[in-house]
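Data first, discussion second: the structure below is written as structure tokens.
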Amino acid sequence: MNAFRLLADLTHLLSIIILLVKIRTTKSCAGISLKTQDLYVLVFISRYLDLFTRPLSLYNTPFKLVFLATSITIVYYMRYHKVVKQTYNKDSDTFKHYFLILPCAVLAFFINPKFTFIEVLWSFSIYLEAVAILPQLVLLQSSSNIDNLTGNYVFMLGAYRALYLLNWIYRFFAEDVVRWIPWIAGLVQTALYADFFYYYIKSWRNNERLKLP
Amino acid sequence: VGEKKFHDEL
């Protein structure tokens, strides 16, 4: 465990808390892509099936349970809560997210640390997580104004994987750890946020409302 | 670099 890793996981947790606060206090999920949230449920379920096969960890296990529970809660709110579901921008959430799943599954089938059920699912979840933000970014681009909580949510969600990159660099030098699958996927994941980061920081510095061109 | 270490991240 190093500071980058801890900060990364806390940032990830904070992003989810921000989203839950937005949904619960404003009773609105405007600007949030249900498709991205659906993909996160799939990511966490496929990655954390190892809860049943691996020994429990005081650090990882609570995080895994929280990520599973919160992602399912968010999707539940967006689909079934009688007030929240009416605020969902269904018509702007147009990305064909199902088309992301098959290529990730094929990739996981061929590129994995070991050809076992758990390892292939783990690889699938790493690949899918890398691209799961795409529907959300497309939705933001079609929104004329992005509220602060939504902007902060997406920023924290992107920052988390960027911090993992620093953690991997640290571990490479300090612990000789080499992990090509998460490294490359994490790099792609972070790169997808580059545009968003640019406009987020620009609007923050100019004290303006965030808007993507 | 052991197998065990592989899944020590979230």
Side-chain angles (χ1 to χ4, degrees), chain A residues 1-2 4-13 16 43-44 47-51 53-55 57-68 71 112-114 116 118-119 121-123 125-126 129 160-161 163-165 167-168 170-172 174-183 185-186, chain B:
Chain A
M1 179 61 61
N2 59 70
F4 301 119
R5 162 80 196 281
L6 181 64
L7 204 60
D9 291 334
L10 292 178
T11 304
H12 194 183
L13 189 61
I16 293 167
V43 163
F44 291 135
R47 189 173 308 166
Y48 297 150
L49 274 183
D50 70 358
L51 278 167
T53 62
R54 244 172 270 281
S57 142
L58 218 55
Y59 181 88
N60 284 347
T61 306
F63 266 109
K64 291 177 182 181
L65 292 171
V66 167
F67 289 154
L68 276 167
S71 63
N112 51 63
K114 203 174 175 187
T116 63
I118 290 274
E119 297 296 322
L121 272 183
W122 175 84
S123 310
S125 82
I126 294 286
E129 183 188 346
Y160 128 76
R161 219 48 172 174
L163 288 165
Y164 255 90
L165 295 179
N167 155 59
W168 291 325
Y170 174 86
R171 293 192 72 183
F172 173 73
E175 302 168 32
D176 265 343
V177 173
V178 179
R179 296 285 175 254
W180 289 109
I181 293 173
W183 284 2
Chain B
V1 184
E3 167 81 13
K4 212 181 99 206
K5 252 186 173 178
F6 206 101
H7 293 290
D8 60 353
E9 289 178 346
L10 291 164

Please check if atom CZ in F172(A) has more than 12 non-hydrogen atoms from other residues, nucleotides or ligands closer than 6.0 Å. no
Could you look at Y164(A) and say if it's the side chain, the backbone, both or neither that has a heavy atom under 4.5 Å from chain B? side chain
With a 4.5 angstrom heavy-atom cut-off, which part of N60(A) approaches chain B: side chain, backbone, both or neither? both
For L10(A), check side chain to side chain contact (heavy atoms under 4.5 Å, CB included) against everything at least two apart and list the hits.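 L10(A) satisfies side chain to side chain contact (heavy atoms under 4.5 Å, CB included) with L6(A), F63(A) only.
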Could you check R171(A) against D8(B) for side-chain contact (heavy atoms from CB on, under 4.5 Å), going step by step and ending with a plain yes or no? CA-CA 12 Å; R171(A) 293 192 72 183; D8(B) 60 353; 2.8 Å; yes
Any L10(B) side-chain heavy atom under 4.5 Å of R5(A) side chain: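 Yes. Closest side-chain heavy atoms under 4.5 Å.
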Derivation of the side-chain contact (heavy atoms from CB on, under 4.5 Å) call for H7(B) and E119(A): CA-CA 10 Å; H7(B) 293 290; E119(A) 297 296 322; 2.9 Å; yes
